[in-house]
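The block underneath contains the structure these notes are about, expressed in structure tokens.
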Amino acid sequence: MKIAIGCDHGGIVLKPAVEEVLKAKNIEIEDLGCYSTDSVDYPDYALKVAEEVSQGKADLGIILCGTGIGISIAANKVKGIRAGVAHDLFTAEMTKRHNNANILAMGGRVVSPELAAQMTKIWLETEFEGGRHTNRVNKITAIEQKYFK
Ligand code: RB5
């Protein structure tokens, strides 16, 4: 499995802890930046990760900004992307179990590196539940097909 990871200066604090989890699971990491705490624009990194996932070059993605909000909004503009922001273990699990999020977004000003690592782990280890949630996720795709030309 390969996971693309991207962040801005507000999220970079979480990257080492998240990467540690991926390495422990022998997951290939595609680190698309940023690489320092110099100020950058989160949509640039959202796009890099979202394109890798959307084009099937990465299986999943992890994106990090100050809150997880801006970078997820940007990633969700790319066709096929379901980026979910999580703030705790419950929301991290649910983004996969109910929403089948193919990108996990977290905020470096919201959660600690330790919590981000645990959230990454639970998100990776959770399966999409399917059932009634399949219909709902399909309806998200239908909205996408209506508005993405
Ligand atoms: C950058 O200061 C900050 O706005 C960004 O990291 C993120 O929180 C946006 O949603």
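In listed order, ligands and their atoms are each counted from 1.
Under the 4.5 Å side-chain criterion, counting only non-hydrogen atoms from C-beta, Arg82 is in contact with Val137. The shortest side-chain heavy-atom distance between Thr126 and Thr95 does not fall under the 4.5 Å cut-off. Counting only heavy atoms from C-beta outward, the side chains of Ile140 and Asn99 never approach each other to under 4.5 Å. Contact annotation: the side chain of Ile3 never approaches that of Glu28 to less than 4.5 Å [non-hydrogen atoms, C-beta and beyond].
Residues that satisfy the salt bridge (charged side-chain N to carboxylate O under 4.0 Å, His left out) test with Asp59, not counting sequence neighbours, are absent from this structure.
In this structure a side-chain-to-backbone donor-acceptor pair under 3.5 Å is missing from Glu52 to Gly61.
The residues lining ligand 1, counting any heavy atom closer than 4.0 Å, are Asp8, His9, Tyr42, Cys65, Gly66, Thr67, Gly70, Arg109.
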